[in-house]
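Notes for the one structure printed next.
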Amino acid sequence: MMKINYGGEKVLVRVDFNVPLNGAYEITDDTRIRAALPTIQHLLDADAAVILMSHLGRPLKKKLENGEINVEKFTLNHIVEHLSSLLDRQVAFASDLIGPDARAKAEQLKGGQVLLLENTRFEPGEEKGSDELAKELSSLASYYVNDAFGTAHRAHASTAKVAQFFDADKKSFGLLMEKEITNANKVKENPTSPYTAIVGGAKVSDKILLLENLLSKCDNILIGGGMAYTFFKALGGEIGNSLVEIDKLDLAKEILEKAEQNNTKIYLPVDSTIADAFSNDANIQQANSDAIPAGWMGLDIGSAAIGEFSQVIESSKTVMWNGPMGVFEMPNFAQGSIAIAQAMAKATESGAFTMVGGGDSVSAVNQAGLADSVSFVSTGGGAMLEFLEGKELPGIKAIQD
Ligand code: AMP
């Protein structure tokens, strides 16, 4: 991030304040707001007049019956009070994004002051990536900072398009975004060997691009979660009622073949915790993952798989985890994911670089209370997945262009 004195000049900052709210519009988890504070503080310390913008929810998808935007539900005004207390100064709020209120308040803003604009997604041009909207936004400030890594995979007006209206020396990443990119690059570019990726989650189809990208980079890939059963089915195993994508059997075989050609070792979970219903109260037993009886389904990796996976992780120098090993939302099927988090913590202690890079595995590592025991936990979600798939993210490219 630029180290300059802004001398009261205006800096337009795209943050991710897309936080969960309860029925009374109170913030139930302020992680994303806190994550943006270092960048905001850095700018305030450098005498910038900080203009913040963010989206909140999907207001255009959830309009009122009369076709109007549900301002009461989606206004960023819900954030103002909490943000003011976190920053220890009153944050001003504009009731529009590029309208008269935003313009007037931005105009008057002084160094050391903060203005929050209304939800970027109230403007139809935002998600369409409108150049016009981007230009209007850019006219509010002299500098642009993007600190919203979580939306960097979207070519929206406020996340990408706006950057084209600032010269290279007038735009930069924020501290949070810099941290995400630096850490993700540690696994993406020249990871220290042995490099092990753990890929889980519900579906193979969601993780195909990730797996293909990892095949050329990893020494080991550990596959868990619902997606593992499509592999067992493809290999001729009996998987009972486990999750399966029948149209992805050939693809699963192809991935296994490609791994062999690349000298990448794929580990499937040899055993599973199986249940006779998709419920935490179901009957449970252990079974080999390719011999699951009819009427039963694999909902977590089993104890032998936990042992094998942990050993591979603990002897790795670089570890990346995306996707839970089981239905970790139900305590009876969370053991596999907790064990992965524990093994990653041990690998970290032995000097490995370990990163949790995906929405649900982030919840799993938090649930295990081990978020501080791994090298990096990404807040990126879908953006991190696309980054690790090897895609160029519009929000990153726009700053670098
Ligand atoms: P993803 O968003 O692809 O990371 O998938 C996460 C979801 O996969 C979680 O909600 C898990 O409950 C689910 N999941 C993981 N393992 C299984 C499984 N064996 N059977 C069904 N769902 C699973």
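The structure displayed is predicted, hence computed values, not measured ones. Because only heavy atoms are used, hydrogens play no part in the values below, and waters and symmetry mates are left out as well, while side chains stay in.
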Notebook entry, point to check: Stepwise, does the side-chain contact (heavy atoms from CB on, under 4.5 Å) test hold for Leu12 with Ser138?
Noted result: CA-CA 8 Å; Leu12 181 64; Ser138 73; 5.6 Å; no

Check: Could you go step by step and tell me if Ile239 and Asp290 meet the side-chain contact (heavy atoms from CB on, under 4.5 Å) rule?
Finding: CA-CA 6 Å; Ile239 59 164; Asp290 60 356; over 6 Å; no

Margin query: For a side-chain contact (heavy atoms from CB on, under 4.5 Å) check, start with the C-alpha distance between Met384 and Phe149, then their side-chain angles and the critical distance, and finish with the verdict.
Written below: CA-CA 8 Å; Met384 182 53 82; Phe149 184 74; 3.9 Å; yes

Note to self: Between Leu37 and Leu87, is the side-chain contact (heavy atoms from CB on, under 4.5 Å) condition met? List the steps.
What the structure shows: CA-CA 8 Å; Leu37 294 179; Leu87 286 171; 3.8 Å; yes

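Atom CG of residue Leu268 and atom CD1 of residue Ile301 lie 11.5 Å apart, to the nearest 0.5 angstrom. We find the NZ-CG distance between Lys10 and Leu43 to be 14.5 Å, quoted to the nearest 0.5 Å. Here NE2 of His55 is found 8.5 Å from NE2 of His156. Values are rounded to the nearest 0.5 Å. Between Ile338 atom CD1 and Leu370 atom CG the span is 9.0 Å, to the nearest 0.5 Å. Separating the CG atom in Leu64 from the CD1 atom in Ile69 is a distance of 9.0 Å, to the nearest 0.5 Å. Note that OG of Ser54 is 11.0 Å distant from CG of Asp147, once rounded to the nearest 0.5 Å.
Taking all atoms of both residues into account, the shortest heavy-atom contact from Gly390 to Lys188 is CA-CE, 4.0 Å. Counting all heavy atoms, side chain and backbone alike, Val114 lies closest to Leu44 at CG2-CD2, 3.7 Å. The two residues Ala339 and Ser310 come nearest to each other via the heavy atoms O-OG, 4.3 Å. The nearest pair of heavy atoms linking Ser95 to Asp101 is N-OD2, 2.8 Å. Between Thr120 and Leu97, the shortest heavy-atom contact is CA-CD2, 3.7 Å. Residue Ala46 comes nearest to Ile4 through the heavy atom pair CB-O, 3.3 Å, listed as atom of the first residue, atom of the second, then distance.
Remark: side-chain polar atoms of Ser375 are not paired, donor with acceptor, to backbone N or O of Met355 under 3.5 angstrom. A donor-acceptor pair is defined here as one N or O able to donate and one able to accept, closer than 3.5 Å; such a pair exists between the side chain of Ser361 and the backbone of Gly323. Listed for the Ser316 side chain is a donor-acceptor partner under 3.5 Å among the backbone atoms of Val312. Remark: the backbone N or O of Ser378 is not paired with any side-chain donor or acceptor of Glu180 at under 3.5 angstrom. With hydrogens and angles ignored, the 3.5 Å screen pairs a side-chain donor or acceptor of Gln113 with a backbone N or O of Lys110. Between the Asn18 side chain and the Gly57 main chain, a donor and an acceptor come within less than 3.5 Å of each other. Panel note: side chain Glu126, backbone Ala157; a donor-acceptor pair is recorded below 3.5 Å. A side-chain donor-acceptor contact under 3.5 Å links Thr264 to the backbone of Cys218. The backbone N or O of Leu133 lies less than 3.5 Å from a partner atom in the side chain of Ser130, making a donor-acceptor pair. Between the side chain of Asn119 and the backbone N or O of Phe74 there is at least one donor-acceptor pair closer than 3.5 Å.
More than 12 heavy atoms of other residues, nucleotides or ligands lie within 6.0 Å of CD in Gln285, so this atom counts as buried by the packing criterion. At most 12 heavy atoms of other shown residues, nucleotides or ligands fall within 6.0 angstrom of atom CD in Glu238. No more than 12 heavy atoms of other residues, nucleotides or ligands shown are found within 6.0 angstrom of NZ on Lys233. Other residues, nucleotides and ligands place more than 12 heavy atoms under 6.0 Å from the CG atom of Asp247. Atom CD of Gln286 is surrounded by more than 12 heavy atoms from other residues, nucleotides or ligands within 6.0 Å. More than 12 heavy atoms of other residues, nucleotides or ligands shown are found within 6.0 angstrom of CD on Glu329. Other residues, nucleotides and ligands place more than 12 heavy atoms under 6.0 Å from the CG atom of Asn185.
In this structure, Lys207 does not pair ionically with Glu245, as no charged nitrogen and carboxylate oxygen lie closer than 4.0 Å. Remark: Glu386 does not engage Arg154 in a salt bridge, criterion side-chain N to carboxylate O under 4.0 Å.
Between the side chains of Lys217 and Asn213, at least one donor N or O sits under 3.5 Å from an acceptor N or O. In the model, Ser289 has a side-chain atom that pairs as donor or acceptor with a side-chain atom of Ser272 under 3.5 Å. Asn22 and Thr28 are not linked by any side-chain donor-acceptor pair at a separation below 3.5 angstrom, with hydrogens and angles left out of the test. Residues Gln164 and Asp131 have side chains that bring a donor and an acceptor to within less than 3.5 angstrom of each other.
Between Tyr6 and Tyr143, the ring planes are perpendicular. Angles over 60° get that label, and only those under 30° would be called parallel.
Side-chain contact between Val199 and Met227 is present, with at least one heavy-atom pair separated by less than 4.5 Å. Looking at heavy atoms from C-beta onward, Met344 lies out of side-chain contact with Val365 at the 4.5 angstrom threshold. You'll find the side chain of Gln342 stays beyond 4.5 Å of the side chain of Glu314, heavy atoms only. Contact annotation: the side chain of Asp96 never approaches that of Phe122 to less than 4.5 Å [non-hydrogen atoms, C-beta and beyond].
With sequence neighbours excluded, the residues satisfying salt bridge (charged side-chain N to carboxylate O under 4.0 Å, His left out) with Arg32 are Asp16.
Annotation: cation-pi pair Lys265/Tyr267 present, NZ/CZ under 6.0 Å from the ring centroid and within 45° of its normal.
Partner of Asn332 under the side-chain hydrogen bond (donor to acceptor under 3.5 Å, both in side chains) criterion, out of Asp300, Thr273, Asn280, Asp281: Asn280 alone.
Here ring pair (Phe, Tyr, Trp, His ring centres under 6.0 Å) pairs that include residues 314-344, with residues two or more places apart or in two chains, number zero. For residues 387-401, the pairs satisfying side-chain hydrogen bond (donor to acceptor under 3.5 Å, both in side chains) are Glu389-Lys391, Lys397-Asp401, with sequence neighbours left out.
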